[in-house]
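The structure displayed is predicted, hence computed values, not measured ones.
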Amino acid sequence: MDPIAHTFTGAALAATGLRRATPLATAALVIGANAPDVDVLANFVGDYAALALRRGWTHGVLALALWPFVVTGALLLFDRARRRRDPQRARPRAGPLLGVATLAVLTHPTLDWLNNYGMRWLMPFDGRWFYGDALFIIDPWLWLALGGVLWLRPARSRAAAGWWAAFWVLATALVLLTPEVPAPSRILWLVGLAAFGAARALPAFAPLREPPRLELAARVVVAVAAVYIVAAVAASAAARREVRAELAAHGVGAIESVMVAPVPANPFAGTVIAATPDRYWLGEWHWLARPRFRPSHETIERPPVDDVIRAAIDTPEARRFLVWSRFPYYEKEPLDDGGYIVRILDARYRGTGRLEGPRVHVDAALHARYVPD
């Protein structure tokens with residue numbers, strides 16, 4: 001998921017009362033919830049390196065065992081340094097700090113697994129990707145629920161109030177201006193935002209803003225978010241089973257895998273890709289429609305890997321892309337000089353720019369060269 005969702009998750013857990021577990025508990029929860037994303041530095045390594053490196057080493061089982069100790073150790077060192085200047089500060093307890101850091105770190109790969117981008121849980125021992133196909137990579141309902149309950153707490157400064165105002169303005173613009181977001185979702189967003197705004201500002205809701213009530217509200221919201229996530233995972237699994245059965249009933253055999261990918265701000269809809277050995281079958285899914293699965297007339301052929309394609313996929317950029325690709329396919333464009341432009345694509349992200357994959361020039365002698373877009 002996006003960094004905002006991770007940050008709100010750690011902060012909402014702190015708001016449930018875990019912040020009282022020990023001094024620096026809130027810091028451990030927020031930092032731990034974001035720590036695995038240190039692999040964002042892979043964006044500076046080279047073209048498509050981030051696709052090959054992200055959600056791997058820093059998100060896998062070995063890192064998940066180590067990150068809580070790293071976060072806890074860093075915070076204990078920080079505390080030692082600040083208590084040299086202020087010896088009266090309360091000392092954090094290592095055990096509870098490690099406990100909340102562990103909880104926070106575990107939320108990160110769990111949220112990342114929920115979308116169709118993928119997660120490598122078993123790294124560095126096994127590079128297989130796992131997909132929840134349950135939530136879109138930016139889920140405004142998590143923002144609204146978790147961010148809304150955090151917003152109920154009175155701002156400690158004008159800067160904090162300004163940050164919240166800017167966030168809600170930008171988030172609302174994203175929801176309202178994204179073409180894929182349906183009208184009912186836009187209305188629901190505005191209603192939810194208005195409800196949280198009223199709870200934060202109106203005198204009638206002042207008792208809700210008292211610390212004990214805020215903790216209870218945070219617990220309720222975190223529980224609701226957990227139920228929402230579990231329901232989305234279960235719904236995605238059921239949709240995949242139904243799509244597979246529908247395709248088989250129409251004579252599509254040898255189905256290797258099925259994806260029902262979430263779409264922005266609409267938990268009832270999804271885009272379908274079903275892989276068979278020679279093509280990808282496409283379609284749309286909607287829980288409230290009849291029929292729920294509507295196959296597309298368009299399919300994507302999966303051409304065999306010939307010498308030209310083999311030369312193209314041997315370039316470093318193509319190898320990096322294919323580490324990550326879930327539904328790869330290739331398009332060849334012949335050139336007048338006897339060579340080809342080979343486009344390496346992933347059916348999940350057609351039409352999305354760089355996530356589509358690299359272009360490679362392969363000359364008549366099968367020498368391949370990456371061609372930046």
Side-chain angles (χ1 to χ4, degrees), residues 1 3-34 71 75 78-79 82-83 86 88-93 95-107 111 139-172 175 187-231:
M1 305 293 285
I4 294 173
H6 290 303
T7 300
F8 281 177
T9 298
L13 288 171
T16 64
L18 289 177
R19 64 161 54 98
R20 295 185 284 104
T22 178
L24 295 181
T26 298
L29 286 161
V30 173
I31 295 171
N34 285 280
V71 172
L75 288 174
F78 166 77
D79 177 70
R82 70 174 184 171
R83 280 193 298 106
D86 184 4
Q88 303 305 315
R89 281 185 177 272
R91 186 191 299 268
R93 294 178 293 150
L97 199 62
L98 179 63
V100 295
T102 301
L103 174 62
V105 167
L106 291 176
T107 66
L111 290 178
D139 188 283
W141 309 122
L142 288 181
W143 284 6
L144 183 62
L146 300 177
V149 78
L150 294 170
W151 190 36
L152 294 179
R153 189 180 186 187
R156 295 184 176 182
S157 65
R158 289 184 179 179
W163 187 94
W164 277 116
F167 169 74
W168 292 120
V169 167
L170 293 174
T172 299
V175 171
I187 295 170
L188 183 60
W189 171 270
L190 293 174
V191 170
L193 187 60
F196 276 113
R200 186 180 190 277
L202 295 181
F205 294 97
L208 181 62
R209 300 192 292 271
E210 296 174 359
R213 298 283 182 86
L214 281 177
E215 286 190 3
L216 178 59
R219 292 170 193 161
V220 170
V221 165
V222 168
V224 169
V227 170
Y228 167 65
I229 288 169
V230 170

Measuring from atom [atom1] of [X] to atom [atom2] of [Y], what distance do you get when rounded to the nearest 0.5 angstrom?
| X | Y | atom1 | atom2 | value |
| --- | --- | --- | --- | --- |
| T7 | W143 | OG1 | CH2 | 11.0 Å |
| L24 | L29 | CG | CG | 11.0 Å |
| L150 | W164 | CG | CH2 | 5.0 Å |
| L152 | E210 | CG | CD | 13.0 Å |
| L144 | L188 | CG | CG | 7.5 Å |
| L202 | L208 | CG | CG | 11.5 Å |

Worksheet item: Would you say R19's side chain and A25's backbone share a donor-acceptor pair under 3.5 angstrom?
Response: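 Absent.
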
Using every non-hydrogen atom in the two residues, find where [X] and [Y] come nearest and quote the distance to one decimal.
| X | Y | value |
| --- | --- | --- |
| V30 | G10 | CG2-C, 4.2 Å |
| V222 | L146 | CG2-CD2, 4.4 Å |
| A21 | P96 | O-CB, 3.9 Å |
| L142 | D139 | N-OD1, 3.0 Å |
| A28 | V100 | CB-CG2, 3.8 Å |
| A145 | V221 | O-CG1, 3.2 Å |

Item to complete: Report the C-alpha distance between V71 and L97 in whole Å, list the side-chain angles of each, state the deciding distance to 0.1 Å, and finish with yes or no for side chain to side chain contact (heavy atoms under 4.5 Å, CB included).
Response: CA-CA 9 Å; V71 172; L97 199 62; over 6 Å; no

Discussion item. Holding to salt bridge (charged side-chain N to carboxylate O under 4.0 Å, His left out), I want the full list of residues that pass it with R93, two or more places apart in sequence or in another chain.
Written reply: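 Scan of R93 (salt bridge (charged side-chain N to carboxylate O under 4.0 Å, His left out), adjacent residues dropped) gives none.
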
Practice prompt. Only counting residues at least two apart or in another chain, list the ones meeting salt bridge (charged side-chain N to carboxylate O under 4.0 Å, His left out) with R209.
Written response: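 R209 satisfies salt bridge (charged side-chain N to carboxylate O under 4.0 Å, His left out) with no other residue.
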
Discussion item. For R91, I'd like to know if atom CZ has over 12 heavy atoms of other residues, nucleotides or ligands within 6.0 Å.
Written reply: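 Check fails, neighbour count at 12 or below.
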
Please list, chain by chain and in numerical order, all residues satisfying side-chain hydrogen bond (donor to acceptor under 3.5 Å, both in side chains) with [X], sequence neighbours excluded.
| X | result |
| --- | --- |
| W189 | T172 |
| R89 | none |
| W151 | none |
| R82 | D79 |

Practice prompt. Only one of L13, T16, V149 passes side chain to side chain contact (heavy atoms under 4.5 Å, CB included) with R219; say which it is.
Written response: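 Looking at L13, T16, V149, the match for R219 under the side chain to side chain contact (heavy atoms under 4.5 Å, CB included) is T16.
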
Item to complete: Measure the acute angle between the ring planes of F167 and W163, then classify it against the limits of 30° and 60° as parallel, tilted or perpendicular.
Response: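 Judged by the thresholds at 30° and 60°, the geometry between F167 and W163 is parallel.
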
Practice prompt. Determine whether the aromatic ring centres of F8 and W141 lie less than 6.0 Å apart.
Written response: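 No - the distance between ring centres of F8 and W141 does not fall below the 6.0 Å cut-off.
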
